[in-house]
Amino acid sequence: MTENQHRSRDGFGSKIGIIAAAAGSAVGLGNIYRFPCEAGNNGGGAFLLVYLFIVLVLGIPTMLSEFIIGRKAQRNPVGAFRALAPKSAWPLVGFMGVFCAWILLSFYSTVSGWTLEYIVKAVGNDFQGKELAAIERDFSDFHNLGWRNVMWQSVFIFLTGFVVFNGVKKGIERYSKILMPLLLLILIILGVKSLSLPNAGEGFRFLFHADFSKITGKVLISALGQAFFSLSVGMGALITYGSYINKNDNLATTALSVTLSDTLVAVLAGVVIFPAAFSFGIQPTAGTGLVFNTLPMIFNQMQGGYFFCIIFFVLLAIAALTSTISLLEVMVAYLAEELRITRKLATVLASAATLILGVFASLSLTGDTKFVVGRRPLFDGLDFFSSNILLPIGGLLTVVFVGWFMGKRKFFGEITNEGQLKLKMKGVILFIIKYIAPVLIAAIFINCIR
Ligand code: PFF
């Protein structure tokens, strides 16, 4: 592929550009909404410990592997595997990623829609002076209004489609660079407030005190699923973004920076949520309500809470948007490049497909829902299937591909920018990708389904 062709795929402008965009994909509802839910349901400290280990030992190598595949092949996930392993079954891994993006975006857009509802509530000063019981009632009433959930979800999918329709890169770069640090700042302010509430110490201990006896197979697979979900790996989003990375950017440090920012935001979200939740008497296992009920309660007790509340939910919506964009982009890049249709048509088709499944996901959360799989609402079923099954399998196959099938020469060439970078750790990195990551991912996965 020539430099010109590379440009024509609309590469990211600068190094900070790709870090910002990949971090924009990684940082989202997964950090602020899903991480506290999962930590709360899986024992707090024990979960955090396993989570951090997995991010470090499995998350970074998998992310790097996706960047390597994407930048080497310069294509969408299906095309990338086809280009690097012609006439093999590997493109199926890419297909699985596109399928996973569809499922993930369908339920992710439900929660993204909630952020819009909460912006409206925040602007209307809806939480002011309310007790916890009233805030909880409002949340469950809203859940039961299926059509309202669907309306916000549709707005969100439309917004995502709009950005992707008009060409992604510049928009994401610009927003991520300014607004992500702002999100970090507001989380720090909220964390300080949360820690100063009565009884906050208990929530802090819940998150940071690891009781090893709580580490079960379920904790391991949940932490693996959460780590991959949060880092946006295991389904080709970062293969797609990797295909837009410039040939002279350092892939290893990019993966490291993205992972560090993502993990920092998740841990900070935990520091905001748990001390406050314990202080207000909200159970750590409260699931969806954990974030949407705890946060308004914190704002209620803060000086300037009205403004903080608006800013927070706006930033949360934007963090969700930079993630939904990357999910839709996986489908759009695939449809446009493989079916050879225009990007615009691909965007319309991918958005419509998402909305169709997404509506059922949203409606499955109302009290009298008929949309259940097994005994769970479709929403939870889609989340479990994509995060705890498809992402680990996708991640496993990705590292196996890079470690065993791509070839050492291509691997070292890509990771050192064809010899331009002196990367002392490259042998160690390959060892982890080839042996440690596949064995550990497979062990956690098999242990859970057995
Ligand atoms: N990483 C995003 C989050 O934590 O909210 C969610 C996500 C985006 C997952 C893109 C997967 C993906 F490909």
Side-chain angles (χ1 to χ4, degrees), residues 20-39 51 54-55 59 62-63 65-67 69-70 76-77 93-94 96-115 156-157 160 163-164 168 172 176 180 183 187 222-243 255 258-270 291 315-334 350 354 382-395 398:
S25 166
V27 174
L29 298 170
N31 308 60
I32 291 163
Y33 159 81
R34 199 175 186 280
F35 174 80
C37 287
E38 292 292 303
Y51 176 80
I54 290 179
V55 164
T62 313
M63 184 181 292
S65 300
E66 289 204 14
F67 282 156
I69 295 174
N76 70 84
V93 180
M96 203 175 79
V98 177
F99 178 64
C100 185
W102 175 56
I103 296 187
L104 234 150
L105 187 52
S106 302
F107 72 86
Y108 197 94
S109 54
T110 303
V111 186
S112 305
W114 299 348
T115 62
F156 212 93
I157 293 175
T160 309
V163 178
V164 173
V168 213
I172 313 177
S176 298
M180 289 238 307
L183 179 67
L187 282 173
S222 305
L224 179 66
Q226 174 59 24
F228 281 11
F229 185 98
S230 189
L231 296 173
S232 299
V233 299
M235 43 146 289
L238 298 184
I239 293 183
T240 311
Y241 273 19
S243 73
V258 173
T259 304
L260 285 180
S261 345
D262 186 69
T263 308
L264 183 64
V265 174
V267 174
L268 266 176
V291 167
L315 290 177
L316 187 60
I318 293 171
L321 186 64
T322 51
S323 300
T324 53
I325 287 167
S326 71
L327 285 161
L328 194 67
E329 177 67 19
V330 173
M331 290 191 267
V332 170
Y334 162 70
T354 302
L382 293 176
D383 184 353
F384 180 86
F385 179 57
S386 52
S387 311
N388 291 8
I389 296 182
L390 292 181
L391 292 185
I393 296 178
T398 303

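Atoms within each ligand, like the ligands themselves, are counted from 1 in listed order.
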Of all the non-hydrogen atoms in the protein, which one sits nearest to atom 2 (C) of ligand 1, and at what distance? Ser25 O, 3.2 Å
Is Ser326 close to ligand 1, meaning an N/O of one under 3.5 Å from an N/O of the other? no
Check whether any side-chain N or O of Ser386 sits under 3.5 Å from a backbone N or O of Asp383 as a donor-acceptor pair, and report yes or no. yes
Asn31 side chain to Gly28 main-chain N or O, any donor-acceptor pair under 3.5 Å? yes
For Phe229, is at least one N or O under 3.5 Å away from an N or O on ligand 1? yes
In ligand 1, the atoms that come under 4.0 Å of a heavy atom of Gly30 are 3 (C), 4 (O), 5 (O)
Between Gly234 and Glu66, which heavy-atom pair has the shortest distance, and what is it? N-OE2, 2.6 Å
Under 3.5 Å between some N or O of ligand 1 and some N or O of Asp262? no
Closest approach of any protein heavy atom to atom 4 (O) of ligand 1, naming residue and atom: Ala26 O, 2.9 Å
Tell me the protein heavy atom at minimum distance from atom 8 (C) of ligand 1, and give that distance in Å. Ser232 OG, 3.3 Å
I'd like to know if the side chain of Ser25 and the backbone of Ala21 have a donor-acceptor N/O pair within less than 3.5 Å. no
Taking distance alone, with N or O pairs closer than 3.5 Å, would you say Leu29 contacts ligand 1? yes
Given side chain to side chain contact (heavy atoms under 4.5 Å, CB included), test Val233 with Thr398 step by step and report yes or no. CA-CA 9 Å; Val233 299; Thr398 303; over 6 Å; no
For the backbone of Leu321 and the side chain of Thr160, can you confirm whether one donor and one acceptor N or O come within less than 3.5 Å of each other? no
Look only at the side chain of Thr259 and the backbone of Ala255, and say whether a donor-acceptor pair between them is shorter than 3.5 Å. yes
heavy-atom search around atom 5 (O) of ligand 1 in the protein gives Tyr108 OH, 2.5 Å
Is any N or O atom of Met235, backbone or side chain, closer than 3.5 Å to an N or O atom of ligand 1? no
Is it true that Ser112 and Thr324 share a donor-acceptor pair across their side chains at a distance under 3.5 Å? no
Examine distances only and state if a side-chain atom of Gln226 and a backbone atom of Gly30 form a donor-acceptor pair shorter than 3.5 Å. yes
At a 4.0 Å threshold, what atoms of ligand 1 neighbour a non-hydrogen atom of Ala237? 13 (F)
Atom 12 (C) of ligand 1 has as its nearest protein heavy atom Leu327 CD2, 3.4 Å
Go through ligand 1 atom by atom and flag the ones less than 4.0 Å from a non-hydrogen atom of Asn31. 4 (O)
